[in-house]
Student: 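Quick one: structure below, then a few questions.
Here is how names work: the chains are called A, B, and so on, in the same order as the sequence lines, proteins then strands, and each is numbered from 1. What you are looking at is a predicted structure, and each value in this text was computed from that prediction instead of being measured.
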Amino acid sequence: MTPAELAAAVLDAARRVVTARGLDPTLLPETTTVARPRQPEHGDYASNLALQLAKKLGVKPVDLARELADELARTDGVKSVEVAGPGFLNVRLDAAAAGALARIVVQQGRAYGRSETLAGEKVNLEFVSANPTGPIHLGHTRWAAVGDSLGRLLSAAGAIVTREHYTNDAGAQIERFGRSVLAAARKEPAPEDGYAGEYITDIANKILEAHPDALDKGEEFFAEVGHKAMLAEMRASLERFGVHFDVWFSERDLHNGGAVEHALEELRKQGHVFDHEGAVWLRTTDFGDDKDRVLIRSNGEKTYFAADCAYYINKRERGFDRCVYLLGADHHGYIARLRAVAACAGDDPARNIEVLIGQLVNLVRAGEPVRLSKRAGNIITLDEIVDAVGVDAARYSLARSSTDSVLTLDIEEITRQARENPVYYVQYVAARTASVSRNAADLGITRGDDFDAALLVHEKELDLLKALGDFPAIVATAAELREPHRVARYLEDLAGTYHRFYDKCRILPQGDEPVTELMRARLWLNDAARTVIANGLDLLGVTAPERM
RNA sequence: GCGCUCGUAGCUCAGUGGAUAGAGCAGAGGACUUCUAAUCCUAAGGUCGCAGGUUCGAAUCCUGCCGGGCGCACCA
């Protein structure tokens, strides 16, 4: 029996009690959940439904809980129901009902944990969106890891996800970049307002190799060829990191294709565009923004914000119900105006646009803060991180904490982390379970078509079964809250539970011991654990190795 | 000044109103003729920033204060 099935049984019982008492059944919630109590004496699962309902129904919580308990106790697979404290229901399951979970997990395989809660939703997930004036650095890397995992989570919840990278290739920064590369090609120092760093010289050299006459062509040529080379590098770094963007969207295309004018017309139709002091404005204050925003400056130039509007409208016209933006905390001021753009376009900001803000990564070296500057060229790149610790450890450490909190990474620790990163604790479960399977195969022991679930009664077996049962709810919550780190934390917990099971419960025969049904049952449990670890790691873009 | 956000163990961080607040790392002690010790076990470590409020119940929600980060362009 899965937690979801038990929760449904609790709700059914409540419906019967409420109906029998002649109370209003519409006061019942549509769904409920059961929780895993921390104390074992509080049972396998607990429900607080009686506490939540009592006030609404105008009855005493404990009385309602007692009636619910009696009703619920008649459910197949439920061994006992106790009322505790102010009105909790503490439920215990039959061994066979608890053990059956291993069967469910193994049978569902890769599908275990997936759901249909976002079925049919077309989601545009924009993240990283780094300027093509430098390599992908540590700050972007956090969004690469988190954004890609979020995409996997949303897909697991049934959504159709398009991963998109927006490239600001239309601004003055590209000109500065071109001047910087040209200067490097001429062996001159970087311009005052330009970019420095080895990568600029590398690009300059590459351009000179491919185009020996480049120096005659001027800075526009260097800007053009240089930023395209930069983009290719960024793409290669991200692919190596396991992050694939379905669409690389160019701001310049937006301008050249007339999308900005089109957006202005659309916004004008909705009645939120006005002229003031020679400039064209969008009245974003109608929808909660602090101040109105300029679309076209009095000198006739379109603002970056105008492109933002066009981009949003373009996404909607491409059929995306939900436009999700993953931005760094230094852009949180954009939330209000982006939401206002959606509203100005006649959309529902609560549904069509979602701006997620993540805190920045703080870098220290041996406790001393390190200021990163692309201009100064002292950045830590994605490639350097991957070289130092590998893709799995890098992705895991960036995705395992909430994006609400500032992540502090010690450069020295990152390289040391290769050994102490919790990802290995989780991956080791994958390796151990695979090893058990290999050994079983060597001994000629097969899992069989089925097993006696009632044999799984050891405390560590039951703990593991319950932990495996939590997975679908964890995935659903992580997807709903857009918080991939929940998956990582769950996996660490599950890994501990598996290691303790492995330590206490021998799976395979030793010496010439005969093969028992318990061993077969444990083999199912072992495979179930491997399935969940692998599914969970996959949501984080981390491998589940067969050996370590 | 206004806005967003964070404040939990020595450090890095979990904990979407539930029962006695957790993990990893660091540090103390123990377990390898191993189904892989990248593991397990034991002990230690806390005014959940402070003060009020809401609630049967608050680390979690509300208000105020203190402290840190970030942002407040006819820049990109």
Student: Tell me what A/Gln52 touches on the nucleic acid: a base, only sugar-phosphate, or nothing, going by heavy atoms under 4.0 Å.
Tutor: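 Counting heavy atoms under 4.0 Å across all strands, no contact is made by A/Gln52.
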Student: Would you measure the distance from the P atom in B/U8 across to the matching atom in B/A44 and give it in whole Å?
Tutor: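 The same atom, P, in both gives a distance of 23 Å.
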Student: Base, sugar-phosphate or nothing for A/Ala440? Non-hydrogen atoms, less than 4.0 Å.
Tutor: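 Nothing, no heavy atom under 4.0 Å.
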Student: Taking the six-membered ring for Trp, does A/His42 stack with B/A19 (centroid gap under 5.5 Å, planes within less than 30°)?
Tutor: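 Taking the rule of under 5.5 Å and under 30°, the ring of A/His42 does stack on B/A19.
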Student: If you compare every side-chain N and O of A/Tyr498 against the phosphate oxygens of B/A38 (OP1, OP2), does one of them come in below 4.0 Å?
Tutor: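 No, no such contact exists.
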Student: Given B/C56, is OP1 or OP2 found less than 4.0 Å from the side-chain N or O atoms of A/Lys55?
Tutor: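 A/Lys55 to B/C56 OP1/OP2: side-chain N or O found under 4.0 Å.
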Student: Would you classify A/Asn439 as touching base, sugar-phosphate or nothing, given that sugar-phosphate means primed atoms plus P, OP1 and OP2, and contacts are heavy atoms under 4.0 Å?
Tutor: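 Sugar-phosphate, no base atom in range.
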Student: Describe the nucleic acid contact of A/Ser405 in one word from base, sugar-phosphate, nothing, applying a heavy-atom distance below 4.0 Å.
Tutor: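 Since only primed, P, OP1 and OP2 atoms lie under 4.0 Å of A/Ser405, the category is sugar-phosphate.
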Student: Would you say A/His332 places a side-chain N or O within less than 4.0 Å of OP1 or OP2 belonging to B/G69?
Tutor: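 No, outside the criterion.
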Student: For atom C1', what is the distance between B/G46 and B/C41, given to the nearest Å?
Tutor: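 Their C1' atoms lie roughly 23 Å apart.
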Student: Between A/Asp470 and A/Arg36, is there a salt bridge with N-O shorter than 4.0 Å?
Tutor: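 Salt bridge: yes.
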Student: Contact class for A/Ala172 vs. all strands (heavy atom < 4.0 Å): base, sugar-phosphate, or nothing?
Tutor: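 Here A/Ala172 touches the backbone only, sparing every base.
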Student: Using only modelled atom types and a 3.5 angstrom limit, is any donor from either the side chain of A/Tyr334 or the base of B/A76 paired with an acceptor on the other?
Tutor: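 Donor-acceptor pair under 3.5 Å: yes.
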Student: Is the shortest side-chain N to carboxylate O distance from A/Glu461 to A/Lys504 below 4.0 Å?
Tutor: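 The answer is no: the pair does not qualify as a salt bridge.
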Student: If you go through the side-chain atoms of A/Asn90, does one of them form a donor-acceptor pair with the base of B/A19 closer than 3.5 Å?
Tutor: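 Yes, the side chain and the base share a sub-3.5 Å donor-acceptor pair.
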Student: Report yes if at least one side-chain N or O of A/Arg400 is closer than 4.0 Å to OP1 or OP2 of B/A23; otherwise report no.
Tutor: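 For B/A23, OP1/OP2 do not have a side-chain N/O of A/Arg400 under 4.0 Å.
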Student: Is the phosphate of B/C70 approached by A/Gln359 (side-chain N or O, under 4.0 Å from OP1 or OP2)?
Tutor: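 Answer is no, no contact under 4.0 Å.
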Student: Does NZ or CZ of A/Arg432 fall inside the cone over A/Tyr498's six-membered ring, less than 6.0 Å from its centre and within 45° of the axis?
Tutor: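 No, a cation-pi geometry is absent between A/Arg432 and A/Tyr498.
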Student: Between A/His331 and A/Tyr325, does the ring centre distance come in under 6.0 Å?
Tutor: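 A/His331 vs A/Tyr325: aromatic centres not under 6.0 Å.
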Student: Go through the N and O atoms of the side chain of A/Ser298 and the base of B/C74, and report whether any donor-acceptor pair is under 3.5 Å.
Tutor: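 Donor-acceptor pair under 3.5 Å: yes.
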Student: Mark yes or no for a side-chain to base donor-acceptor pair under 3.5 Å between A/Asn48 and B/G18, with no hydrogen or angle criteria applied.
Tutor: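 A donor-acceptor contact between them is present.
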